[in-house]
Amino acid sequence: MNVYVELLRIAVDFGLMVLIWMVQLLIYPGFEFLAASTFHKWHRKYARNMTFIVAPMMFVQVFLAGYFIIYKPGLQLWNISYAILVALTWISTFLIFIPLHKKLDDEPHNVTVCRKLTHRNWLRVILWTAIVILDVALLIEL
């Protein structure tokens with residue numbers, strides 16, 4: 001197995017897991033405490049800047065999922081499991097979280113939407129944590 005590709009996968013996956021835990025425990029709960037007068041401006045800046053950090057890492061995950069399916073056929077169960085988990089992070093991001101952030105742009109400081117964001121984000125916390133667990137299990141298996 002190409003050790004550099006495997007190290008890239010672990011680094012990206014671990015980075016996304018740490019980031020989503022920080023979002024879950026610090027950033028999303030903090031939305032409720034922002035002043036209504038500045039929420040809209042802060043949220044737009046947060047969403048834009050977070051996209052610059054997260055999007056490239058998510059694209060790398062998709063690339064790596066494809067790479068491992070094509071070039072590591074002996075590990076198909078691992079690779080397909082990884083690809084499914086990565087796909088679920090994308091699906092949940094586009095179907096749940098982007099619309100909730102859009103709603104916060106339209107209705108700044110909507111506490112109900114802030115709480116939905118926090119509660120539903122546990123899905124991505126679980127997904128990205130499962131991805132890292134899969135990475136570690138694969139390393140142990142090899």
Side-chain angles (χ1 to χ4, degrees), residues 1-35 38-142:
M1 183 173 290
N2 186 334
V3 71
Y4 296 114
V5 177
E6 191 61 42
L7 287 174
L8 177 62
R9 178 163 77 171
I10 291 168
V12 168
D13 294 346
F14 187 75
L16 283 165
M17 183 191 72
V18 169
L19 186 61
I20 201 67
W21 275 98
M22 290 175 61
V23 166
Q24 182 63 25
L25 298 177
L26 301 170
I27 296 169
Y28 283 174
F31 280 4
E32 290 184 47
F33 300 101
L34 294 170
T38 59
F39 182 89
H40 182 68
K41 185 177 180 180
W42 187 90
H43 179 261
R44 288 177 57 97
K45 186 174 184 174
Y46 160 79
R48 182 189 70 235
N49 291 343
M50 188 59 81
T51 300
F52 289 133
I53 296 167
V54 173
M57 294 169 73
M58 288 180 71
F59 278 109
V60 169
Q61 274 189 321
V62 169
F63 167 78
L64 291 171
Y67 173 87
F68 281 97
I69 286 173
I70 293 167
Y71 295 105
K72 304 297 178 190
L75 300 169
Q76 285 301 43
L77 179 61
W78 294 101
N79 297 335
I80 291 170
S81 299
Y82 181 82
I84 289 169
L85 290 169
V86 169
L88 289 172
T89 64
W90 279 77
I91 291 166
S92 65
T93 297
F94 280 93
L95 295 182
I96 299 169
F97 299 99
I98 290 175
L100 285 172
H101 280 287
K102 171 85 171 89
K103 192 163 188 146
L104 284 175
D105 280 339
D106 297 340
E107 302 172 30
H109 205 264
N110 182 326
V111 175
T112 302
V113 176
C114 291
R115 288 181 182 154
K116 281 183 185 177
L117 197 58
T118 302
H119 294 308
R120 292 180 183 172
N121 194 54
W122 281 111
L123 173 61
R124 291 191 299 184
V125 169
I126 291 166
L127 289 170
W128 268 311
T129 301
I131 287 170
V132 170
I133 291 169
L134 186 66
D135 288 344
V136 171
L138 180 58
L139 283 176
I140 292 169
E141 182 73 20
L142 297 176

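Source: prediction; values computed, not measured.
Counting heavy atoms from C-beta outward, F33 and F39 have side chains that stay 4.5 Å or more apart. The shortest distance between side-chain heavy atoms of D135 and Y82 falls below 4.5 Å. Under the 4.5 Å side-chain criterion, counting only non-hydrogen atoms from C-beta, I10 is in contact with L139. Two residues are said to be in side-chain contact when any heavy atoms from C-beta on lie closer than 4.5 Å; T51 and H101 fail this criterion. Two residues are said to be in side-chain contact when any heavy atoms from C-beta on lie closer than 4.5 Å; M57 and Q61 fail this criterion. Side-chain atoms of I131 and T89, non-hydrogen and from C-beta on, do get closer than 4.5 Å to each other. In this structure, the side chains of H40 and T38 stay at 4.5 Å or more apart for every pair of heavy atoms.
Taking CE of M58 as the start and OG1 of T93 as the end, the distance is 4.0 Å to the nearest 0.5 Å. Here the NZ atom belonging to K103 is positioned 12.0 Å from the CG atom belonging to L117, to the nearest 0.5 angstrom. For the atom pair CH2 of W42 and CG of L104, the computed distance is 10.5 Å after rounding to the nearest 0.5 Å. Considering CD1 of I133 and CG of D13, their distance stands at 12.0 Å, rounded to 0.5 Å. Here CG of N110 is found 10.5 Å from CD of E32. Values are rounded to the nearest 0.5 Å. A distance of 9.5 Å separates CG of N121 from CG of L25, quoted to the nearest 0.5 Å.
More than 12 heavy atoms of other residues, nucleotides or ligands shown are found within 6.0 angstrom of CE on M50.
Relative ring orientation between Y46 and H43 is described as tilted, the plane-to-plane angle lying within the 30° to 60° band. Between Y67 and Y71, the two ring planes are tilted [angle within 30° to 60°]. The aromatic rings of Y28 and F31 sit tilted, their planes meeting at an angle between 30° and 60°.
Taking all atoms of both residues into account, the shortest heavy-atom contact from P99 to F94 is CD-O, 3.3 Å. When every heavy atom of V23 is checked against every heavy atom of P29, the shortest pair comes out as O-CD, 3.7 Å. Closest approach of L100 to V113, counting heavy atoms only: O-CG1, 3.6 Å.
Taking the six-membered ring where the residue is Trp, the centroids of W21 and W122 are separated by under 6.0 Å.
A distance-only check finds a donor-acceptor pair linking the side chain of N79 to the backbone of K72 [under 3.5 Å].
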Quick one, L19 with W128, criterion side-chain contact (heavy atoms from CB on, under 4.5 Å). Give me CA distance, side-chain angles, the key distance, then yes/no. CA-CA 10 Å; L19 186 61; W128 268 311; over 6 Å; no
